[in-house]
Each structure stands twice: as structure tokens, then as C-alpha cells.
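Below is one structure, written out as C-alpha cells; the observations come after it.
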Amino acid sequence: MKTKSFYLTLILLFFAIKGSAQTDTLIVKTVPKKGLLKQAILPLGLLTAGVLISNSAFEKSLQKDIRNGVGNDFSTHSDDYILGIPIIQLYAADAFGIKAKNHWFDQSKNLILALLLTNVITVTLKKNIHKTRPNGDPDAESFPSGHTSNAFTTATVLYEEFKDTSPLLAYSGYVFATTTGALRMANNKHYLSDVLAGAGIGILVTEVIYSFDPIIKWNPFKKTTRVTLFPQLGDNQKGVYACIQF
């Protein structure tokens, strides 16, 4: 009960901060969009559901059924890579000239900030909650799922950028994010509650960033016409090759 009270306190704290920002317009010049509350319903619902079923008999039984279904020796590293596919989609769409909400540099600012904040929140919760993973890993960092929170962060950035111009592309990121969460459970690294909470955090953080738009509108690449990014994978190195056209 003490742990769940901690979760619920975080949710109430978010509402308190958001409500204060909306009413104190004399002090805060950049207020969130009116639609933020509506956008927050889904992620807060996911986070709340994760809190309520955490450590329950239901999720432990479900996890057992999943492992029996895929096989108790099932293991894959695909979830380490699938979570980054929405990032590739984002910059590939820019390279092919698909119209986005923001310039590629502004997209990158929002993406980096969202990932940084998501990871701070996720890691902080992991360290304070100490929930044991279903595989019994001694790190006790099961709640929430970091892979899932990052996957839904990148998917939501993709959604925000292309929801008005290419809905199919915008929603496709969530397919990979959901797959990431499912694989974390299949790998016996996380319970359902961990995945639901991770998804909620990733979506919520990204929506807040896009609503508040806290980054200064400084963009030294505003006049560039196109940026092309190519992933480079070698035996001893990994990186990204960038080509910018002015």
C-alpha cells in the first residue's frame, strides 16, 4: 500500500503542477494547449492501470501464461532495437520530403528533451520502487519498463509530427512501441503493469513537451531545405551519417 500511495502521489502532483501552470497566466507566459488535458487521459489511464494491477495475482498469472505460451526458454534482443524504429521513420520521412509539423532541428530538440525527461522519471521510479522483475533479476528495477517508456516516447514524437499530414505514418510508431512492450513481457523482463506504466510515462512526457513548447525558438538551420541521415553499423562502431542541404 505504501508503494501504491507513492505512485498516486506522483499522478496528483502532475495535476497540481499542470493546473497551476494553466491558471497563473501572469507568471507563466507559455501555457499548455487547452487540449492537453484531453491528450493526457490515455497516458494517465495507462499509468493508473499499471499502478492498480502492480504485484497483483492477475498480472503474475498472466505473466506465467505468456511464458508458457512462448516457451520458458524464449529470449530475444529484438526489443533493444525495435524501440528506435520510430526515430528512423521520423528522419526518413523528412529526407523524402513528407510534410511535418516542425523543422527537423525542432523535431530533434523535442525528441532529445522528451527522451531525457522520460529517462529521468523512469530511472527515478525504478530506483525508488524496487520491484522485482518476473525473472528474479536482483537489480529490482522492474517498474516501470524503460524500454517501453522510450519506445512510446519516440512513437509519440513521430505521431505529433505527422498526425495532420500522414496519419498512417504517424500511428505506425505505436505498432513498434507496442511490440517492444510485448517482447519485454515475453522475455520475462517485465510484468504487464510495468509496460502499461512505461507507455503512459512516454506518451505523457512527450505530450507535455509539445504542449508547453519550452525550448527557445533558436534554430540555426532554419534555412536548410533538407537533412538526410544514414545509420552506420560496423564491427567496431555505430553512428549516424548526416547530410544537410542549404
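What's counted below: heavy atoms across the whole structure, side chains too, no hydrogens, waters or symmetry copies. Residue numbers start at 1 and run along the sequence shown.
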What do the steps show when you test F58 against L192 for side-chain contact (heavy atoms from CB on, under 4.5 Å), and what is the final call?
CA-CA 10 Å; F58 162 73; L192 176 61; 4.0 Å; yes
Once you round to the nearest 0.5 Å, how far does CZ of F212 lie from CD1 of I209?
10.5 Å
For A177 and A155, the nearest pair of non-hydrogen atoms, with its separation, is CB-CB, 4.0 Å
Count I, L, V, M, F, W, Y as connected when their side-chain heavy atoms are under 4.5 Å apart, and connections chain through other members. Are L115 and V157 then in the same cluster?
yes
Assess the residue pair H190 and T148 against the criterion (side-chain contact (heavy atoms from CB on, under 4.5 Å)); give the C-alpha distance rounded to whole Å, side-chain angles, the decisive distance to 0.1 Å, and a yes or no.
CA-CA 10 Å; H190 288 286; T148 307; 5.7 Å; no
Partners of D139 by side chain to side chain donor-acceptor pair (under 3.5 Å), sequence neighbours excluded?
R133
So which residues get pulled into L83's cluster when ILVMFWY side chains under 4.5 Å apart are joined, directly or through others?
none
Between K163 and Q39, the two heavy atoms sitting closest are NZ-NE2, 4.1 Å
Contacts of L169 that satisfy side-chain contact (heavy atoms from CB on, under 4.5 Å) - sequence neighbours left out
Q89, A93, I98, L158, F162, S166, S172
Roughly how far, to the nearest 0.5 Å, is CG of D106 from NZ of K101?
12.0 Å
Once you round to the nearest 0.5 Å, how far does OH of Y174 lie from CD1 of I203?
5.0 Å
Return all side-chain donor-acceptor pairs below 3.5 angstrom for residues 193-202, not counting sequence neighbours, or 'none' if the list is empty.
| from | atom 1 | to | atom 2 | distance (Å) |
| --- | --- | --- | --- | --- |
| S193 | OG | E59 | OE1 | 2.7 |
| S193 | OG | E59 | OE2 | 3.3 |
| S193 | OG | K131 | NZ | 2.7 |
| D194 | OD1 | K131 | NZ | 2.9 |
| D194 | OD2 | S142 | OG | 2.4 |
| D194 | OD2 | Y191 | N | 2.8 |

Can you get from F152 to M185 by hopping between Ile, Leu, Val, Met, Phe, Trp and Tyr side chains that sit under 4.5 Å apart?
yes
Minimum heavy-atom distance between S145 and K126, given as atom pair plus value:
CA-NZ, 4.4 Å
Using the rule side chain to side chain contact (heavy atoms under 4.5 Å, CB included), only one of T132, I129, N55 pairs with F143; which is it?
I129
Considering non-hydrogen atoms only, spot the tightest contact between L90 and E161 and give its length.
CD1-CG, 3.9 Å
Cluster question for you: counting only ILVMFWY and a side-chain heavy-atom cut-off of under 4.5 Å, with indirect links fine, are I53 and L46 together?
yes
Apart from I112 itself, what residues make up its hydrophobic cluster, given side-chain heavy atom links below 4.5 Å?
L116
Looking at every heavy atom in both A114 and T206, which two are closest together, and how far apart are they?
CB-OG1, 3.9 Å
For residues A186 and F74, report the shortest heavy-atom separation together with the two atoms involved.
O-CD2, 3.4 Å
Decide if atom NZ of K189 counts as having more than 12 heavy atoms of other residues, nucleotides or ligands within a radius under 6.0 Å.
no
Using the rule side chain to side chain contact (heavy atoms under 4.5 Å, CB included), only one of I66, N72, V70 pairs with N68; which is it?
N72
List in chain and number order the residues that pass side chain to side chain donor-acceptor pair (under 3.5 Å) with T118, two or more places apart in sequence or in another chain; answer none if no residue qualifies.
T153
Take E207 and E160, measure what side-chain contact (heavy atoms from CB on, under 4.5 Å) needs, and give me the verdict at the end.
CA-CA 8 Å; E207 292 292 2; E160 283 294 328; 2.7 Å; yes
Using 0.5 Å steps for rounding, measure from the OH atom of Y81 to the OG1 atom of T76.
9.5 Å
